[in-house]
Structures are given as structure tokens and as C-alpha cells.
Amino acid sequence: MQLSYVFTLLSSLVAVAVAHDGHDHEGQMPLGYVKYPTQAPQGKYVPGDNDVTADSVFSGITTFAKLPWVQCLGKEWDTSFDIAFIGAPFDTGTSYRPGARFGPAGIRAGSRRLTLYGGYNVPLAVNPFLSGLKVVDCGDIPVTPYDNKWAIKQIEDGHKELLHRPTFSPLGNDTLTGKPLVPVSVDGKHHPRIVTLGGDHTIVLPLLRSIYSAYGPISVIHFDSHLDTWKPEVFGGAPSEQAAINHGTYFYWASKEGLIRNGSSIAIESFFSQHGAIRTTLSGPADYANDDESGFHRIEAREIDTIGTDGIIKKIRETVGDKPVYLSIDIDSIDPAFAPATGTPETGGWSTRELRTILRGLDGLHIVSADIVEVAPAYDTNAELTTMAAADVLYEVISVMAKTPLGKVAQ
């Protein structure tokens with residue numbers, strides 16, 4: 001009797017399994033779900049298709065994404081390019097953990113596998129390394145570790161030297177109207193884009209001084225877990241004129257110098273706030289008032305829980321509009337679970353995937369130049385989590401750059 005019951009039960013289970021196996025799983029997808037939303041159209045040629053990949057990218061000297069190394073500030077001073085990577089190994093403006101002077105080298109190491117499988121960015125449908133633009137690694141700006149004032153001048157001069165170099169490629173014509181494009185700069189020249197590998201965030205003050213020489217006051221998109229607009233007497237106490245310039249005050253000074261286009265810049269803050277008390281302690285609500293005076297709008301990291309990445313992207317685009325924009329990314333905008341190697345880590349941040357999604361949402365903006373800062377490899381895991389994250393973030397940035405030339409149709 002028991003054996004008969006067991007046999008009947010097993011037969012029923014087999015029948016259910018067979019019936020389930022016959023279901024159309026494709027038909028069970030949610031309404032409106034697109035299985036492969038970024039799949040390239042069949043038959044369309046994409047540069048790099050069927051090229052050899054996975055060919056010992058771990059060998060050779062370490063440049064960003066295995067790009068050609070050009071001594072742009074040395075004997076190859078007359079070499080032209082469209083996008084250049086440059087290191088700014090400076091970390092004597094940090095308030096907590098030093099080590100970002102080794103950030104450029106670490107980010108380059110983390111980028112070695114970017115072209116392991118070819119470099120084609122599927123969501124953005126572009127290969128930034130094979131887009132027709134000349135992309136190079138210019139090495140590092142020689143920065144003294146002994147004198148902050150002199151180091152800041154070295155960074156400004158080095159960046160400006162590259163920014164004012166002629167581009168390798170012409171602007172060309174608008175893809176929609178066919179009309180010639182004119183530069184978006186205020187000096188009427190077509191400038192290359194410079195992607196700076198920091199270094200602590202102090203370096204953005206000399207970088208914005210350089211950007212001003214070509215674009216005038218610039219809109220800024222700032223990803224960070226901190227405001228970085230603190231008054232010097234609040235952040236560090238300003239015991240000397242030089243100490244007043246550091247990685248928590250550089251945007252304060254940039255605003256005072258007129259480098260930022262007030263009201264059209266946005267800081268995406270990766271801290272958790274409630275009733276004005278944020279996870280990274282302020283001196284008080286006055287810090288937000290000072291941030292407002294510096295010309296920034298704010299998005300807090302926790303907003304992603306309510307408006308999602310699409311809502312974050314919408315806020316950014318509404319703020320900066322179609323103006324030329326500078327992009328500054330502090331690696332601590334990513335949660336330390338994903339990027340622990342940074343000078344002032346804060347929990348409650350975004351994942352690497354979320355930040356990359358938001359950056360892809362900037363597609364179409366005129367990003368004139370960019371930086372990533374505060375990568376301190378000494379605090380990283382053996383798996384190079386932080387340096388890989390930094391490299392991947394920049395991969396999204398240059399993909400957006402490759403798709404949108406720094407030009408507009410003349411009115």
C-alpha cells in the first residue's frame with residue numbers, strides 16, 4: 001500500500017515537471033521587457049568587430065587602457081591629440097588618509113583590462129578607442145611634494161599646456177543638419193579634452209583655472225561624498241594662506257575667483273542626511289548655506305532610493321542644460337564596499353554600477369574635460385577593486401565624450 005502511494009506521488013511530480021518544462025518561458029517576461037535593449041543591429045559594421053582580443057594586456061608598460069604613451073610635456077611637446085590622460089600625483093591637501101599621489105599609477109594598473117575584449121561600450125554603442133579620435137596617455141605632470149603653492153601652479157601650467165594644444169581631428173559637421181560645427185569655447189578655438197588622474201581633490205582648483213582660460217566660467221558636475229565648498233576658516237581653520245587651499249575648500253575658492261557658472265553647477269553628494277545632519281558631519285546648517293552661495297545645487301545619495309538613477313540623471317540634465325560642462329568625480333562617491341581605497345571614505349554611497357549608469361545618462365552633454373580623484377591604492381584590496389572602479393568610471397566618461405563633439409551649429 002505504501003509503495004503504491006509513493007509510486008503515485010512520484011508519477012505526479014514527474015508529470016508536473018514535464019508539463020512545466022513545456023512552458024514558453026519567453027512568454028512569461030514582464031510586459032514591455034526588452035531582453036537585449038543594447039544589441040547592435042544585425043549587419044551593421046562596428047570598428048573593431050572580429051579583431052583579435054585578449055592578447056596579453058598584462059604585458060608592456062602600464063598606460064591607461066594600453067593607450068600610446070606620449071611625452072606631451074617633454075620632447076613630444078608638439079604632438080596633437082583629441083583626448084589626453086594626464087596624472088596629477090598630488091596629495092598634500094588631504095585631511096585624513098594620504099596616498100592619492102599614487103592614484104595615477106593605480107588607476108592605470110586598474111585600466112589594463114579595459115580593452116581586454118576590445119573596448120566596445122555596449123550600452124552607449126561606441127568604442128571610444130576606435131571612434132576616430134586620437135586618444136593618448138601623456139604620463140604625469142611633475143608635481144613637487146614639498147611646496148603646495150608651487151605644486152598647484154605646476155598642475156595649472158601643465159594642464160593649460162595640453163588644453164591649448166591643437167586637436168588632431170577637426171570638428172566636422174553636425175550629424176543632423178550637415179552644417180559645420182563651431183567650437184563651444186569662449187576663445188573660439190577647438191580644444192582637446194583632458195582627463196586628469198588625481199591626486200586629491202585640491203587639484204581641481206588649478207584645473208578649473210586652466211579650463212577658465214578656454215571656456216570662461218564653467219558649469220560643473222561634481223560627484224562626491226562631501227561638499228568641498230567649505231569656508232577655509234571652517235575646514236581646517238586656515239592657519240596659513242596656503243593651508244586655506246585644500247581638498248575641502250577648493251570649490252569655495254573656485255567660486256570666489258569666478259571660475260564656476262553659478263546656478264548651473266550640481267554636486268551629487270554621497271552622504272545620508274536627515275534633518276540637516278549628514279553622515280559626514282557638518283559644522284552646522286550654515287555649511288549648506290555656504291554651498292548655496294558657491295552656486296551649487298545638491299543631490300544626496302539617498303535620493304536614489306526614491307527617484308532611482310533615472311531621476312538622478314534628470315536632475316543633473318535639468319541643472320546644466322546644454323552648456324559646456326566640467327566633470328569632477330571623487331571615487332568616494334562610490335560606497336567603500338566597492339571602492340575602499342580613498343582618503344575620506346563614507347558609507348551609504350552608490351554602487352559602481354549605479355554611478356556608471358548615471359554617467360551613461362550624461363550622453364549628449366558637452367563635457368569639456370574631466371577628472372577622477374582621491375584614489376589611494378595603499379588602502380585597496382588585493383583584487384584592485386578601487387582602481388578598477390576608477391578606470392571603469394573613466395571608460396564611461398570617454399565613451400560619452402567620443403559620441404559628442406565639442407561643437408554647436410552656428411546661429
Side-chain angles (χ1 to χ4, degrees), residues 88 90-98 100 148-149 151-152 155-156 198-209 211-212 217-302 319 326-333 336 342-349 371-374 376:
F90 172 94
D91 67 359
T92 45
T94 189
S95 58
Y96 190 45
R97 301 195 305 200
N148 278 13
K149 184 176 182 179
I152 287 172
I155 294 168
E156 179 184 351
D200 77 50
H201 226 148
T202 311
I203 70 169
V204 170
L205 179 58
L207 298 184
L208 288 177
R209 288 171 175 166
I211 291 292
Y212 182 86
I218 193 78
S219 298
V220 176
I221 300 174
H222 172 220
F223 292 92
D224 204 318
S225 62
H226 311 92
L227 295 173
D228 294 358
T229 53
W230 278 285
K231 293 180 178 179
E233 59 267 28
V234 173
F235 196 92
S240 70
E241 182 179 344
Q242 193 54 54
I245 301 174
N246 57 57
H247 77 160
T249 65
Y250 62 92
F251 271 137
Y252 169 87
W253 292 112
S255 176
K256 292 296 183 185
E257 293 180 20
L259 308 179
I260 299 173
R261 185 186 290 272
N262 285 359
S264 64
S265 296
I266 189 161
I268 299 86
E269 310 298 335
S270 289
F271 35 48
F272 186 96
S273 70
Q274 187 172 5
H275 306 301
I278 60 174
R279 289 292 293 259
T280 53
T281 40
L282 298 175
S283 69
D287 288 346
Y288 269 170
N290 182 63
D291 190 57
D292 294 340
E293 291 175 9
S294 296
F296 279 92
H297 298 266
R298 289 181 298 278
I299 300 175
E300 296 177 359
R302 62 184 178 133
T319 300
Y326 182 83
L327 178 60
S328 183
I329 305 169
D330 191 323
I331 197 65
D332 71 18
S333 56
T342 188
T344 47
E346 305 290 349
T347 61
D371 66 71
I372 193 160
V373 297
E374 300 286 355

Minimum heavy-atom distance between Leu227 and Phe251, given as atom pair plus value = O-CD1, 4.3 Å
What closest approach, in Å, do Ala244 and Thr249 show between heavy atoms, and which atom pair accounts for it?
-> O-OG1, 2.7 Å
Ser255 side chain vs Tyr252 backbone, donor-acceptor pair below 3.5 Å = no
Which pair of heavy atoms, one from Val234 and one from Asp287, lies closest together, and at what distance?
-> CG1-OD1, 4.1 Å
Between the side chain of Ser240 and the main-chain N/O of Ala243, is any donor-acceptor distance below 3.5 Å?
-> yes
Which of these, Ile218, Ile211, Leu205, sits in a side-chain contact (heavy atoms from CB on, under 4.5 Å) with Leu259?
-> Leu205
Which value, rounded to the nearest 0.5 Å, describes the distance between Ile329 atom CD1 and His222 atom NE2?
-> 10.0 Å
For the residue pair Ile245 and Ile152, establish whether any side-chain heavy-atom pair is separated by less than 4.5 Å.
-> yes
Judged by modelled atom types alone, do Asp371 and Tyr326 share a side-chain donor-acceptor pair under 3.5 Å?
-> yes
Of all the heavy-atom pairs spanning Ser225 and Glu346, show the shortest one and how long it is.
-> OG-CG, 3.5 Å
Assess the side chains of His201 and Thr94: does a donor N or O sit below 3.5 Å from an acceptor N or O?
-> no
With sequence neighbours excluded, tell me which residues meet side chain to side chain contact (heavy atoms under 4.5 Å, CB included) with Thr344.
-> Ser95, Tyr96, His226, His247, Asp332
Count the heavy atoms belonging to other residues, nucleotides or ligands that lie under 6.0 Å from CZ of Phe235, then report whether that count exceeds 12.
-> yes
Would Thr92 and Asn148 count as having a side-chain donor-acceptor pair, cut-off 3.5 Å?
-> yes
Testing Thr347, Thr342, Ile331 for side-chain contact (heavy atoms from CB on, under 4.5 Å) with Pro336, which one passes?
-> Thr347
Say whether, by atom type as modelled, one donor and one acceptor occur between the side chain of Asp91 and the main chain of Gly199 under 3.5 angstrom.
-> no
Smallest separation among heavy atoms of Phe90 and Thr202, with atom names | CE2-CB, 3.6 Å
Close side-chain approach of Phe223 and Asp330, heavy atoms under 4.5 Å = no
Grab the two heavy atoms, one from Ser219 and one from Arg261, that are nearest each other, plus how far apart they are.
-> OG-CD, 3.5 Å
